[in-house]
Amino acid sequence: MCGIVGYAGNVETACGKPLEVCLQGLQRLEYRGYDSAGVALTAPGMDHVEVRKKAGRLANLIEDVERNPMPMATVGIGHTRWATHGRPSVANAHPHTSCDGRIAIVHNGIIENFAELREELEARGHHFKSETDTEVFAHLIEEAYAQSEGGAG
Ligand code: GLU
């Protein structure tokens, strides 16, 4: 179980709204997972997705974001985690990212065959940063995206 929120509204210029909406949404959804909380933000022109995550309660993330502001954005995603695969920690907190940092994902549930998928992805050169089942998605999407761009990456 976890809490997931996303914002992709009618914002043409990067601003603080995606982060604000994500944090407000996570406050309402915090009961769905107290192990960690995280957000990811991006905007046209950024070469990566900016991720911030903290172990423990959502308050830890909010405090961190207030102390060290995040970039303005046009879209955002957020997550509160109830761990199933991998202990509660910053490394295992969502969002999880692809090798190139251009894809960030949050996930609710369990990927039953993640061990096989991870082994295959590692054999193809992907580096994992967490113990979660979820992270395989970030790398699988990275491969699919590279193929759709004409084999780049
Ligand atoms: N299986 C994922 C994890 O352990 C998602 C858990 C959840 O739904 O919060 O990170």
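The shown structure was predicted, so the numbers you read here are calculated from the model rather than taken from an experiment. In what follows, every heavy atom counts, from backbone to side chain, and hydrogens, waters and symmetry copies are set aside. We count ligands from 1, going down the list as the structure has it; atoms in each ligand are counted the same way.
- Taking a cutoff of 4.0 Å between a charged side-chain nitrogen and a carboxylate oxygen, Glu63 and Lys54 do not qualify as a salt bridge.
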Any protein N/O atoms within less than 3.5 Å of an N/O atom in ligand 1? List the atom names and distances, or say none.
unit_1	atom_1	unit_2	atom_2	d
ligand 1	1 (N)	Thr84	OG1	2.7
ligand 1	1 (N)	Gly109	O	2.7
ligand 1	1 (N)	Asp133	OD1	2.8
ligand 1	1 (N)	Asp133	OD2	3.1
ligand 1	4 (O)	Arg81	NH2	3.1
ligand 1	4 (O)	Thr84	N	3.0
ligand 1	4 (O)	Thr84	OG1	3.1
ligand 1	4 (O)	His85	N	3.1
ligand 1	8 (O)	Met1	O	3.4
ligand 1	8 (O)	Asn108	OD1	3.2
ligand 1	8 (O)	Gly109	N	3.1
ligand 1	9 (O)	Met1	O	2.8
ligand 1	9 (O)	Trp82	N	3.1
ligand 1	9 (O)	Trp82	O	3.2
ligand 1	10 (O)	Arg81	NE	2.7
ligand 1	10 (O)	Arg81	NH2	3.2
ligand 1	10 (O)	His94	NE2	2.8

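- To the nearest 0.5 angstrom, Leu29 atom CG is 12.0 Å from Gln24 atom CD.
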Kindly list each side-chain donor-acceptor pair under 3.5 angstrom involving residues 68-77, sequence neighbours excluded, with atom names and distances?
unit_1	atom_1	unit_2	atom_2	d
Thr74	OG1	Thr42	O	3.4

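- His48 contributes atom NE2, which lies 11.5 Å from atom OG of Ser98 (distance to the nearest 0.5 angstrom).
- Tested against His139 for a side chain to side chain donor-acceptor pair (under 3.5 Å), the candidates Glu120, His126, Arg118 yield a single pass: His126.
- Partner of His85 under the side chain to side chain contact (heavy atoms under 4.5 Å, CB included) criterion, chosen from Asp133, Ile111, Asn92: Asp133.
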